[in-house]
There are 2 protein chains.
Amino acid sequence: MDQNSLPPIQTSARDDAVLKALVGFVRAEALQPGERLPTERILAERLKVSRNTVREALTRWEGLGLVERRQGSGTYLKAAVSHDMLHMPLTLAGGNDFTSLMQTMEIRRALEAEAAALCAERASQADIAEIARKLDIMEQAFRTRDGMSSEEDWEFHQAIYRASGNPLFEQIIAAMYELFHRFWEHPLGVRDFGHASFPYHRTIYERIAARDPQGARAEALKLIATVEDDLKRGAAKLKLSSQT
Amino acid sequence: MDQNSLPPIQTSARDDAVLKALVGFVRAEALQPGERLPTERILAERLKVSRNTVREALTRWEGLGLVERRQGSGTYLKAAVSHDMLHMPLTLAGGNDFTSLMQTMEIRRALEAEAAALCAERASQADIAEIARKLDIMEQAFRTRDGMSSEEDWEFHQAIYRASGNPLFEQIIAAMYELFHRFWEHPLGVRDFGHASFPYHRTIYERIAARDPQGARAEALKLIATVEDDLKRGAAKLKLSSQT
DNA sequence: GTGCAGAAATTGGTTGGACCATTGGACCAC
DNA sequence: GTGGTCCAATGGTCCAACCAATTTCTGCAC
């Protein structure tokens with residue numbers, strides 16, 4: 001017998017029911033991100049549940065980043081919601097050791113290369129112009145501040161993800177933003193971390209503009225490789241300077 | 001002025017404090033996944049907060065999959081926790097339309113190819129033996145039932161992710177399990193969905209066993225390509241049969 | 001002693017009501 | 001306008017109880 005033909009009955013799912021009702025409400029009212037939801041007290045009264053139950057439900061949504069609560073002001077929608085949403089609560093063990101950072105780079109390598117290739121295939125002229133704009137900003141920031149800028153660099157890559165034609169890339173990588181950016185916060189003491197990656201930003205752009213997926217993929221891989229090299233340099237340095 | 005020089009102050013974070021204390025408790029008691037946490041009432045008393053606050057905190061952890069609550073029994077640890085955990089609550093718009101499924105496959109293609117390549121580089125002999133075992137099970141299931149088996153197929157791929165030497169792959173893909181498996185639940189009406197992918201499971205294994213990263217990557221890409229073809233077949237069929 | 005049914009205790013789930021802290025607008029004096 | 005004060009609205013916390021599922025204990029029949 002198929003296990004799925006007899007799912008466990010749901011005896012109690014009060015807060016789930018609240019969320020379901022809330023999805024319906026958002027749809028019915030066509031609420032956009034940024035707009036305010038009804039107050040907890042009103043929700044409790046309308047749904048005939050206690051305010052605590054409403055709060056547990058909203059806490060779950062808040063944890064998923066769907067909603068933001070501001071004391072004294074209200075509860076605000078932060079993202080679009082729909083009934084067929086898929087939640088991927090992914091919690092990773094952190095750490096700024098060499099191994100963790102290297103593992104992060106392997107994920108980024110996989111996603112970045114694919115996104116660059118897809119982008120070269122599909123990006124519209126407007127997308128490419130936008131990427132060029134971000135590239136200019138980044139290069140200028142590099143020259144004036146004489147070093148990689150985390151913010152501008154990120155925006156450049158983000159533009160590529162967005163132009164890949166697959167919103168999942170942008171969403172996944174945005175969720176991993178914090179993970180990726182631990183490099184710039186704790187670059188293992190490497191001076192000029194990321195310097196070597198600078199020229200490849202332009203070469204990636206050129207391959208994309210030339211509609212060359214394999215070329216774009218190759219340049220993206222080169223960029224990641226320089227970052228990995230910086231990482232290894234930092235790790236070697238650490239090993240020399242101190243032993244814990 | 002730099003926007004970051006005046007960050008908003010943190011006024012109150014009762015439930016965050018509860019979670020922080022709980023992390024300390026788990027560490028101090030060396031609790032393993034599966035073990036039971038103190039009851040909500042005890043936590044409330046010990047931490048000098050109300051049970052409601054404890055519940056909000058635990059609700060957050062439950063949403064992150066770190067903890068499981070069983071009424072009448074207790075709250076159980078589901079995963080290792082540490083103070084430097086990174087949360088990636090990723091919610092994706094669902095949908096079983098062709099576009100959504102295709103986008104999912106592009107993510108899988110990126111991760112699967114990279115994982116297969118890394119696996120070919122790093123897998124231990126024991127890892128390879130385990131992959132071979134899963135492959136045998138899957139192939140036998142295929143023959144007896146004359147069709148791809150979602151469960152056994154998944155275990156085979158999971159073994160590869162695990163042997164990639166990078167736990168992030170397994171974690172990310174496990175979180176996306178539901179996303180990937182909508183293919184088998186709603187294969188767009190394609191009979192024998194996934195049939196064409198069958199032979200590539202063995203070729204992937206062979207390239208891994210031969211320590212051939214590029215070969216493993218290529219075979220993984222071929223496997224994904226067959227699934228994408230099935231998908232396109234299904235989409236074309238749908239287009240013919242009905243117009244919404 | 002063993003086995004088992006039922007009572008009792010334990011534990012998460014829910015309720016209702018209260019009060020606090022923050023917010024944001026209304027209003028006012030200057 | 002500017003700045004200050006007040007006040008209602010709103011999320012945050014607390015308390016005390018009860019409900020529902022689960023586990024544990026008890027005592028009886030054998």
Side-chain angles (χ1 to χ4, degrees), chain A residues 6-22 25-26 29 31 33-79 81 89, chain B residues 6-22 25-26 29 31 33-79 81 89:
Chain A
L6 266 183
I9 60 170
Q10 210 54 330
T11 162
S12 147
R14 277 285 227 272
D15 39 4
D16 262 331
V18 168
L19 289 183
K20 217 169 139 190
L22 221 34
F25 176 82
V26 169
E29 301 284 316
L31 283 193
E35 293 195 64
R36 222 189 69 170
L37 271 62
T39 73
E40 297 178 349
R41 287 171 176 85
I42 291 182
L43 285 175
E45 182 192 356
R46 292 274 208 286
L47 300 173
K48 294 295 179 201
V49 296
S50 95
R51 197 181 142 213
N52 262 335
T53 305
V54 171
R55 282 186 61 75
E56 291 239 349
L58 287 179
T59 298
R60 294 237 294 273
W61 264 17
E62 191 184 27
L64 290 170
L66 294 180
V67 113
E68 176 182 355
R69 302 207 277 203
R70 282 201 289 254
Q71 185 175 173
S73 176
T75 304
Y76 298 83
L77 205 56
K78 254 178 79 177
V81 299
Chain B
L6 265 182
I9 61 171
Q10 201 59 323
T11 163
S12 102
R14 274 285 225 274
D15 38 5
D16 260 333
V18 169
L19 289 183
K20 217 170 139 191
L22 221 33
F25 176 82
V26 169
E29 301 284 316
L31 283 192
E35 293 195 64
R36 222 189 70 171
L37 270 64
T39 74
E40 296 177 351
R41 287 171 176 84
I42 292 183
L43 285 175
E45 183 191 355
R46 291 273 207 286
L47 299 173
K48 294 294 180 201
V49 297
S50 94
R51 199 179 143 215
N52 253 334
T53 304
V54 171
R55 281 187 61 76
E56 290 235 355
L58 287 179
T59 298
R60 293 236 294 272
W61 265 17
E62 191 184 28
L64 291 171
L66 294 179
V67 114
E68 178 183 354
R69 293 148 116 176
R70 270 180 269 164
Q71 185 173 174
S73 176
T75 303
Y76 298 83
L77 206 57
K78 255 179 80 178
V81 301

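Lettering follows sequence order; numbering is per chain, from 1.
- With distances taken from any side-chain atom of A:Thr75 to the nucleotides D:dG11, C:dT15, C:dG12, the minimum falls on D:dG11.
- The distance from atom CZ of B:Arg51 to atom C1' of D:dA16 is 11 Å, rounded to the nearest whole Å.
- Taking atom CD of residue A:Glu40 and atom C1' of nucleotide C:dT22, one finds them 14 Å apart after rounding to whole Å.
- Rounded to a whole Å, the CG atom of B:Leu58 is 14 Å from the P atom of D:dT13.
- Atom NZ of A:Lys48 and atom P of C:dT15 are 12 Å apart (whole Å).
- Here the closest heavy-atom approach between residue A:Ala21 and residue A:Leu47 is recorded as CB-CD2, 3.8 Å.
- The shortest distance between the side-chain N/O atoms of B:Ser73 and the OP1/OP2 oxygens of D:dT22 is not below 4.0 Å.
- Nucleic acid contact for B:Arg70: sugar-phosphate only, since backbone atoms but no base atoms lie under 4.0 Å from a heavy atom of the residue.
- Comparing C:dT11, D:dG11, D:dC15 by their closest approach to the side chain of A:Arg69 singles out D:dG11.
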Worksheet item: What do the steps show when you test A:Leu43 against A:Phe25 for side-chain contact (heavy atoms from CB on, under 4.5 Å), and what is the final call?
Response: CA-CA 10 Å; A:Leu43 285 175; A:Phe25 176 82; 5.9 Å; no

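- Across all their heavy atoms, B:Gly65 and B:Lys78 have their closest contact at O-CB, 3.6 Å.
- When each of A:Tyr76 and B:Glu62 is assigned the nucleotide of DNA chain C bearing its nearest heavy atom, the one mapping closer to the 5' terminus is B:Glu62.
- Shown here are the salt bridge (charged side-chain N to carboxylate O under 4.0 Å, His left out) partners of B:Arg69, two or more places apart in sequence or in another chain: B:Glu40, B:Glu62.
- In this structure, CG of A:Asp15 is placed 16 Å from P of D:dA20, rounded to the nearest angstrom.
- As rounded to whole Å, 19 Å separates atom P of C:dA9 from atom CD of B:Gln71.
- A sub-4.0 Å separation between OP1 or OP2 of D:dC14 and a side-chain N or O of B:Arg14 is present.
- For B:Arg36, whose side chain is taken as the heavy atoms from C-beta onward, the closest listed nucleotide among C:dT14, D:dT10, C:dT11 is C:dT11.
- Annotation for A:Arg36 and A:Leu31: closest pair O-CD1, 4.0 Å, computed over non-hydrogen atoms.
- Listed candidates were D:dC14, C:dG12, C:dT15. Nearest to the side chain of A:Thr53 is C:dT15.
- A donor-acceptor contact under 3.5 angstrom links the side-chain atoms of B:Arg41 to the base of C:dG12.
- Of all nucleotides listed (D:dC18, D:dG11, D:dC14), D:dC14 comes nearest to the side chain of B:Asn52.
- With C:dT15, D:dT13, C:dG13 as the candidates, the nucleotide lying closest to the side chain of A:Ser50 is C:dT15.
- One can place CZ of A:Arg55 at 13 Å from C1' of C:dC20, the figure rounded to the nearest angstrom.
- Rounding to whole angstrom units, CD of residue B:Glu68 and C1' of D:dA21 are separated by 14 Å.
- The side chain of A:Thr39 sits closest to D:dT10 out of D:dT10, C:dG12, C:dT15.
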